[in-house]
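What's counted below: heavy atoms across the whole structure, side chains too, no hydrogens, waters or symmetry copies.
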Amino acid sequence: MTARVRRFAGAVAIAAVLVAPALAQEFKPDPVDEAAARREGALTWYTSTPVAAAQHIAKTFEQKYGIKVELLRTGGQNVIRRFQQEADAGRIAVDVITMSDMSAANAMTKKGLYVPFKPVGYDKVIPDAKHKDGYYIAQRLNLVGMLVRTDKVAAADYPKTWQDLLAPKYKNMQVMADPSFTAIQLVVVAMLSKRFGWQFYEGLRRNNVMIVQGHEQIFDMVKRGERLVAAEASDPRIYTGGTMPPNMINIIPAANAIQVPSPSAIIKGSPHPNAAKLFAQYNLQPDIQHKFTEEGHHSPRIDVAPPPGLPPLAQLELDPIDYDYIEANTRAIKTKFAEIFQ
């Protein structure tokens with residue numbers, strides 16, 4: 001299969017043209033039966049959405065519609081693993097899934113596990129953050145950076161590129177997530193090892209990088225000062241309710257920046273199909289999207305401004321993400337990473 005190489009900057013520029021009234025075809029969202037959703041009264045959501053944001057979405061949705069959300073929040077790879085086990089056993093318990101692995105979303109779409117759905121706002125989402133037929137849509141975008149303690153590391157010593165992290169001066173200072181636990185890191189490891197070779201991660205191993213499960217643990221390690229540099233990290237505002245810690249800086253690499261979409265999908269054969277559609281649509285509403293940008297995520301919608309202090313996607317030099325490569329090599333990538341850092 002020809003690799004689908006995706007570049008966000010071009011996607012944003014194309015999307016900006018496509019929404020021009022003179023060129024764009026009128027979009028008609030798929031219907032949602034709110035009355036039927038209310039009668040169902042509940043739904044189950046498996047998600048890797050940061051805890052505070054996930055709880056906020058579940059709570060405000062329940063307050064607005066009277067529909068209870070049973071929330072399972074864990075790492076992106078665990079979300080996928082849990083759902084695949086249920087699907088393989090023929091016992092579907094989940095209605096909506098949100099993860100951070102577009103390659104897995106592609107694979108599950110091919111298996112016929114999702115329901116196509118184009119909600120209100122689908123036409124505002126950049127092309128590379130949604131399936132063309134609506135089988136999944138990004139809930140948020142994760143711009144991967146390098147987190148640094150500004151009170152412990154001199155400004156002249158801040159890393160500016162991924163390869164700067166290999167410098168001996170960063171030995172015993174760095175922390176990084178495990179791609180077997182978080183899908184965001186799976187994308188990062190796949191693309192950086194493909195671009196720089198596995199010697200990049202062997203170099204990080206020589207610098208004694210600490211490996212933790214997920215991005216919240218990375219933030220906690222840097223916050224406590226146990227490690228002073230995150231070799232890859234999410235924006236810290238995700239874990240502070242939108243406040244940038246005064247002693248941290250999130251550095252976006254000068255080249256080969258990586259943006260990872262977190263797709264959401266409605267599960268085929270789920271117990272609450274109408275509530276699932278209503279909930280999926282709710283996640284894409286501007287007020288929910290603004291909540292994400294306040295906490296350091298970019299929105300997949302072109303009509304929602306970027307997080308304060310971060311540039312619009314169109315201004316970034318983003319690395320293309322080869323999702324076909326990741327889908328075909330996920331196990332090998334995880335295995336090689338584990339061999340290096342065991």
side-chain contact (heavy atoms from CB on, under 4.5 Å) partner of L318, the single match among L143, N256, I252: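 Running side-chain contact (heavy atoms from CB on, under 4.5 Å) over L143, N256, I252 with L318 returns exactly one hit, L143.
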Which residue in the set D235, I238, T182 passes side-chain contact (heavy atoms from CB on, under 4.5 Å) when paired with H215?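 Only one of D235, I238, T182 forms a side-chain contact (heavy atoms from CB on, under 4.5 Å) with H215, namely T182.
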I'd like to know if [Y] and [X] are part of one continuous hydrophobic network [Ile/Leu/Val/Met/Phe/Trp/Tyr, side-chain heavy atoms within less than 4.5 Å].
| X | Y | answer |
| --- | --- | --- |
| M99 | V94 | yes |
| L43 | L278 | yes |
| V222 | V209 | no |
| I126 | V120 | no |
| Y282 | Y136 | no |

[atom2] on [Y] to [atom1] on [X], rounded to 0.5 Å:
| X | Y | atom1 | atom2 | value |
| --- | --- | --- | --- | --- |
| L204 | W198 | CG | CH2 | 11.0 Å |
| S270 | I92 | OG | CD1 | 8.5 Å |
| D220 | E226 | CG | CD | 7.5 Å |
| R224 | F219 | CZ | CZ | 11.0 Å |
| M146 | Y170 | CE | OH | 8.0 Å |
| I218 | L147 | CD1 | CG | 8.5 Å |

[X] and [Y]: side chain donor to acceptor below 3.5 Å:
| X | Y | value |
| --- | --- | --- |
| N274 | D33 | no |
| N106 | T109 | no |
| S103 | D324 | no |
| Q139 | N283 | yes |

So, the side chain of [X] versus the backbone of [Y]: is there a donor-acceptor pair under 3.5 Å, distance only?
| X | Y | answer |
| --- | --- | --- |
| N207 | L166 | yes |
| D157 | A154 | no |
| E295 | R237 | no |
| D95 | H272 | yes |
| Q185 | D178 | no |
| K124 | I302 | no |
| Q174 | L165 | yes |
| R73 | A54 | no |
| S299 | V304 | no |
| D319 | I258 | no |

Pairwise side-chain contact, [X] with [Y], heavy-atom cut-off 4.5 Å (strictly under):
| X | Y | value |
| --- | --- | --- |
| T150 | M248 | no |
| I267 | I97 | yes |
| V148 | P159 | yes |
| V187 | I326 | yes |
| K28 | Y122 | no |
| S262 | L141 | no |
| D30 | Q281 | no |
| P119 | P29 | no |

Taking the six-membered ring for Trp, are the ring centroids of F83 and Y46 within less than 6.0 Å of each other?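 No, they do not, as the ring centres are separated by 6.0 Å or more.
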Are F279 and W45 close enough that their ring centers fall under 6.0 Å?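 Between F279 and W45, the centre distance is under 6.0 Å.
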Residues, nucleotides or ligands: over 12 heavy atoms within 6.0 Å of [X] [atom1]:
| X | atom1 | value |
| --- | --- | --- |
| R331 | CZ | no |
| K334 | NZ | yes |
| K152 | NZ | no |

Can you see which heavy atom on [X] is nearest to which on [Y], and at what distance?
| X | Y | result |
| --- | --- | --- |
| R38 | Y65 | NH1-O, 2.8 Å |
| A42 | I67 | N-CG2, 3.5 Å |
| P300 | R140 | CD-CA, 4.0 Å |
| S100 | P263 | CA-CD, 4.2 Å |
| Y239 | E216 | OH-N, 3.5 Å |
| P253 | G145 | CD-CA, 4.4 Å |

Against R82, only a single residue in Q84, Q85, E86 fulfils side chain to side chain donor-acceptor pair (under 3.5 Å); can you say which?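 Of the listed options, the one satisfying the test is E86.
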Is the Lys NZ or Arg CZ of K118 less than 6.0 Å from the centre of F27's six-membered ring, within 45° of the axis?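 Not satisfied by the 6.0 Å and 45° rule.
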Over-ring placement of K194 relative to Y325, 6.0 Å and 45° cut-offs: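 Cation-pi check for K194 and Y325: passes.
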Tell me, with the steps shown, if K110 and E327 meet salt bridge (Lys or Arg N to Asp or Glu O under 4.0 Å). CA-CA 12 Å; K110 294 172 186 175; E327 180 183 338; 3.5 Å; yes
Stepwise, does the side chain to side chain contact (heavy atoms under 4.5 Å, CB included) test hold for I184 with V144? CA-CA 8 Å; I184 295 174; V144 181; 3.9 Å; yes
Given I57 and I288, is the side chain to side chain contact (heavy atoms under 4.5 Å, CB included) satisfied, shown in steps? CA-CA 7 Å; I57 293 168; I288 296 299; 4.1 Å; yes
Trace of the side chain to side chain contact (heavy atoms under 4.5 Å, CB included) decision for M210 with M221: CA-CA 10 Å; M210 177 183 289; M221 294 297 294; 3.2 Å; yes
R206 with E202: basic N within carboxylate O range, under 4.0 Å: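 Judged by the 4.0 Å cut-off on N to carboxylate O distance, R206 and E202 do not form a salt bridge.
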Any chance you could lay out the side chain to side chain contact (heavy atoms under 4.5 Å, CB included) test for F196 and Y201, step after step, and finish with the verdict? CA-CA 9 Å; F196 302 127; Y201 283 97; over 6 Å; no
Please state whether the rings of Y135 and H131 are parallel, tilted or perpendicular, taking 30° and 60° as the class boundaries.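 Geometry flag for H131 against Y135: perpendicular rings.
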